[in-house]
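Here is the structure we will look at, set down as structure tokens.
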Amino acid sequence: MTQLARRHLLFGCFRQAGQGAVLPFRPPWSLAWTDEAAFAAACSRCDACIAACPAGVLKRGDGGFPELTFAATGCTLCRECVSACRDGAFAADAAEPWNLAVAFTEACLPGRGVECRTCGEHCEAGAIRFRPRLGGAPLPALDADACTGCGACVPVCPAGAIEPRRRAAGSSPLPAAERASAPLFPTEAP
Ligand code: SF4
Ligand code: SF4
Ligand code: SF4
């Protein structure tokens, strides 16, 4: 597993478009999803959002800023972190909590001949479907429009084959045409 892939698993992160910087995942609805600098300026590092998170997916990260990890479970999108912040570090009125989805890597077991549907069984949004194929176990395919980016599928995968990915604004992780023909997403960072 590459260093970036390992960080994806332990602490969500993404590579900033066109730049080498790897930024951590922040809480849903936080300003960081559109402007990391604005979030860093607003957040007082008080830990209120971390303390308020019933799922325990928020941790104190580099510099004392809250980071989100899917290492143990997913985010329920309950908005408790949003309500707890008194420093204006969240865009509470934003329609979307973030622009996250997931990608399946080639570590996925059905691609290696082993039957597995664990991720689909844990996706409450019904965003993972299994495509039958000749001569092999059905492969998972993401309905990117249905995926909320909750990350519930990430820690349950026995192969560590699911990576949370930040989407480009208004898009799916892959163009629709490519999505239709590619049940497994590529592993390169976006
Ligand atoms: S939305 Fe809820 S589960 Fe998700 S990070 Fe905020 S408090 Fe935690
Ligand atoms: S849980 Fe992991 S190994 Fe199993 S089908 Fe989903 S991505 Fe593949
Ligand atoms: S991240 Fe997407 S695919 Fe995974 S469980 Fe959540 S909604 Fe389903």
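Numbering of ligands and ligand atoms starts at 1, following listing order. We count residues from 1, following the sequence as given.
Residue I128 touches ligand 3 through its side chain alone, judged by heavy-atom distances below 4.0 Å. Heavy atoms of A125 found under 4.0 angstrom from ligand 3 belong exclusively to the side chain. Residue contacts with ligand 3 for L100 are absent, since no atom lies close enough (heavy atoms, distance under 4.0 Å).
Annotation for ligand 1: atoms under 4.0 Å from non-hydrogen atoms of P54 are 7 (S). Using a 4.0 Å cut-off to heavy atoms of V102, the atoms of ligand 3 that qualify are 1 (S), 3 (S). Within ligand 3, the atoms closer than 4.0 Å to a non-hydrogen atom of L142 are 3 (S), numbered from 1 in the order shown. Per-residue contacts place P110 under 4.0 angstrom from the following atoms of ligand 2 (heavy atoms of the residue considered): 5 (S), 8 (Fe). For ligand 3, the atoms sitting less than 4.0 Å from at least one non-hydrogen atom of G149 are 1 (S), 2 (Fe), numbered in the order shown with element in parentheses.
Panel detail: atom 2 (Fe) of ligand 2 has protein N, O or S atoms under 2.8 Å away, 1 in number. The count of protein N, O or S atoms under 2.8 Å from atom 4 (Fe) of ligand 1 stands at 1, with waters excluded from the count.
Residues I50 and V82 share a hydrophobic cluster, clusters being chains of Ile/Leu/Val/Met/Phe/Trp/Tyr side chains in contact below 4.5 Å. Under the 4.5 Å side-chain contact rule for hydrophobic residues, L31 and L100 do not share a cluster. Neither L109 nor V156 shares a network with the other; the hydrophobic side chains, linked directly or stepwise wherever heavy atoms of I, L, V, M, F, W or Y lie under 4.5 Å apart, form separate groups for each.
In this structure, the side chain of E67 engages the main chain of D62 through a donor-acceptor pair within 3.5 Å. Checked by atom type and distance alone, the side chain of R133 pairs as donor or acceptor with a backbone atom of A137 at under 3.5 Å. Judged by distance alone, the side chain of W98 and the main-chain N or O of S30 form no donor-acceptor pair under 3.5 Å. In this structure a side-chain-to-backbone donor-acceptor pair under 3.5 Å is missing from D87 to A89.
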For this session: Just do the side chain to side chain contact (heavy atoms under 4.5 Å, CB included) check on C49 and F90 with the steps written out, would you?
Result: CA-CA 10 Å; C49 58; F90 287 78; 4.2 Å; yes
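Ranking protein heavy atoms by distance to atom 8 (Fe) of ligand 3, first place goes to C123 SG, 2.2 Å. Here the heavy atom of the protein found nearest to atom 2 (Fe) of ligand 3 is C147 SG, 2.4 Å. Looking only at heavy atoms of the protein, atom 6 (Fe) of ligand 3 is closest to C150 SG, 2.4 Å. In this structure, the protein non-hydrogen atom closest to atom 7 (S) of ligand 3 is T148 N, 3.3 Å. In this structure, the protein non-hydrogen atom closest to atom 1 (S) of ligand 3 is G151 N, 3.2 Å.
Each of R60, R86, K59 was scored for a salt bridge (charged side-chain N to carboxylate O under 4.0 Å, His left out) with D47, with one residue passing: R60.
R45 and G64 make their closest contact through CG-O, 3.4 Å (heavy atoms, listed as atom of the first residue, atom of the second, distance).
Between F39 and T34 the shortest side-chain heavy-atom distance does not fall below 4.5 Å. Between V102 and L142, some side-chain heavy-atom pair lies under the 4.5 Å cut-off. Side-chain atoms of V57 and C53, non-hydrogen and from C-beta on, do get closer than 4.5 Å to each other. You'll find the side chain of V154 reaches within 4.5 Å of the side chain of P164, heavy atoms only.
Taking the ring centre of F25 as origin, the terminal cationic atom of R166 falls outside the region bounded by 6.0 Å and 45° from the ring axis. With W33 as the aromatic partner, R26 does not meet the cation-pi criteria of under 6.0 angstrom to the ring centre and within 45 degrees of the ring axis.
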